[in-house]
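Please read the structure below before turning to the comments.
Numbered from 1 within each chain, the chains take letters A, B, ... in sequence-line order.
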Amino acid sequence: MADPMKIRAVVRNGVADVRVLMAHEMETGQRKDSSGKLVPAWYISEVTGALNGKQVLKAYWGPAISKNPYLQFKVKGAKAGDKITVSWVDNKGEKRTDEATAS
Amino acid sequence: MSVIRRGAVAIGAALALLVAAAPTLSQAQSNTQAELEKYRQMLGDGNPAELLVMRGEGLWKTKRGPKQASLEGCDLGKGPGVVPGTYAELPRYFADTDSVMDAEARIVHCIVTLQGIPRADAVRNPYSGAGQRQTDMEALVAFVVEESRGVTINVPQKHPKEIAAAQRGEKIFYFRGGPYDFSCASCHGEDDKRIRLQDLPNLNKDEPARRAFATWPAYRVSQGAMRTMQWRIYDCFRQQRFPELDYISPASIDLITFLGVRAQGGKMDSPAIKR
Amino acid sequence: MTLKSFVAAAALVAVMVPAAQAQTSQADVLTIMKSSFKERGIAKLDRLDQNELQKQCSEYSTRPMPAPMKAALEKAALDDVKYPADGRFLGDWKVGERIAQSGVGLQFSDNEKTVNGGNCYACHQISKEEISYGNIGPTLYQYGKLRGNTVEIQRYTWARIWNAHAFNACNIMPRYGAAGILSEEQIRHVMALLLDPASPVNR
Amino acid sequence: MNRNRRTSLQVAGSAGLYGALLAIGLLRPGQASAQSLEQAFKTAGIAETLKALGAAGAPESKDIVINAPDIAENGAVVPVGIRSGLANTQMMALLVEKNPSALAGAYDILDGAEADVNMRIKMGQTSDVFAVVKADGKFYVAKKEIKVTLGGCGG
């Protein structure tokens, strides 16, 4: 199973600044392993961000996003105590959802 | 004394450079430095090593090995079970092994003695390779060092073996060998030097020596992995064109002891994030 | 002597004795080194066996080397320089640029088939186009333009690349010719990068 | 591969239906843009990728800010942010001209999010990067050069 994300959400003037770290290899599909074989592409293809269950952001990624991806986005109309949920799914169908409380 | 002399030489060299460089080139160089600073600052916003710290904490508390024990009873120098602040005072002398050990050597010791995992297994693949998940060892080190963030570096020099280790470490620091004739000091003995665009800390000077020790282990974006202090030394020697340094070998611990003593008074700020 | 002044004097002595000259011997260190490294691929353990130059330069890292010793090392280095038999000093600067850019070779992660690079940009500014250069060595931008392309300059530059200790014993630069890092032909190309008027270094 | 994108595609229906829904205003343009993205992730170069995004010929806009350093110390991780000051920004995307596939990432900005995202991307070499923004149904672009440098003494 995928390792948990680290989500931080800090509210200032009604806007939540959300910073997310995800553990993922993000293989490009162009790297060769030590035996010279091409390592197949493996990357997070979609990420969604939600405030109290309502989707606010949807990201579509390719393998050009760096390993162990970092995503920062801003959510309007947020206050301390709100729930920020982030989910990702990769091109193999593996997925992960984590939640943080805005402070 | 030698530090002062080297400092003077470095200042002279820096002045000579300033005079020699054409204005357009030095201006371009300062723009380069400013943009690199921006790059490094933007990276600082989110360090993937935090993910490894979480994994390491979980691993530390997990019962593993033939003895089905966790590492929570590990004595890292402040007594069994105490993790906070320990990294800042390692390497140090441990009476139970009658030797000076760095953080990684001590963690291996605990894995062997508390969990009953054979030493050969514990040290077999300490560093993750390209495209591999970070090793358990790397995760454990990430957790341990995080617990010393902000703590003042105070590598002890009380026991005769601690003093001897630092003295040997200094000799190793200046040991020139291999087809390139390099020693550690070849790259880390003067102020304001770079390889390509990477700043090289002058480990003869207090401030850069503190900063360097304080920011290892670090997440290396070029490798997509957090690397430990043992790895830092290992890979320096690789680029020095030396043979392969053994994990937690005596020379590595001596050198880390020397660097730790040089860094006295700095504040741990690790895991850091670097190119 | 009062206890207080004794302690102060002892402290003073402690400060004045360079740590490098403490009881640890070079032999102890070599034993520790040999027990801590293992050979891997092309990097054998004999790389830890220091030659005279390496030994003396290590020994005098933290204190000034006696002048006669320094002069002797420099003379030995200069005598050691092998100039091209056919008198041809300059090759192709374009190949030289590639050699200057490449940092591979001689690491335990390389192999016999790896063509060694010169790693020049790691320490020197060379062409203006490459912004990622180090500053351990002096800038070489406009090297030929500033010095000319005479036979004397060619011989001097060749010797400097072959064994830089000929001019400043215990400096940091690898002995590219003497230690067999670059071939004679490769050195010709690097020479061209520095001296050929058509090289971007001199344009 | 791209199972999830296919799922989105199915939700949106066929391309024809998607277009029809757009036309009659049942779907907000920019949302569920997966169908054009599927193709856009496969194209090289800016012109082709803009075309795949339906943004061919989009004009430059000063209201789009690309926040990135001029020089990256390593191409494996290049921090890049896009911020749009254009009213009703619906979608933002980042393209790297010289990467094998230009499109690095695209973001649907739904109700409740600001048009301001930061990501980290891989760049194989020095290149122009383009931010593409869809606002009020129209596309705009901005560009910036990022230099990728070599490092170390073992490579």
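- Of the atoms belonging to B/I273, it is side-chain heavy atoms, and not backbone ones, that fall under 4.5 Å from chain D.
- Salt bridge present: B/D191 and B/K205 bring a charged side-chain N and a carboxylate O closer than 4.0 Å.
- Checked against the 6.0 Å centroid threshold, B/Y247 and B/Y234 do not count as a close aromatic pair.
- Between B/E35 and B/K38 there is no salt bridge, since no side-chain nitrogen of the basic residue lies less than 4.0 Å from a carboxylate oxygen of the acidic one.
- Ranked by heavy-atom pairs under 4.5 Å with chain B, the list D/P79, D/A76, D/A68, D/G81 is led by D/P79.
- Using a 4.5 Å cut-off between heavy atoms, B/R40 touches chain D through its side chain atoms alone.
- Residues D/D108 and D/M91 share a closest heavy-atom pair of OD1-CG, 3.7 Å.
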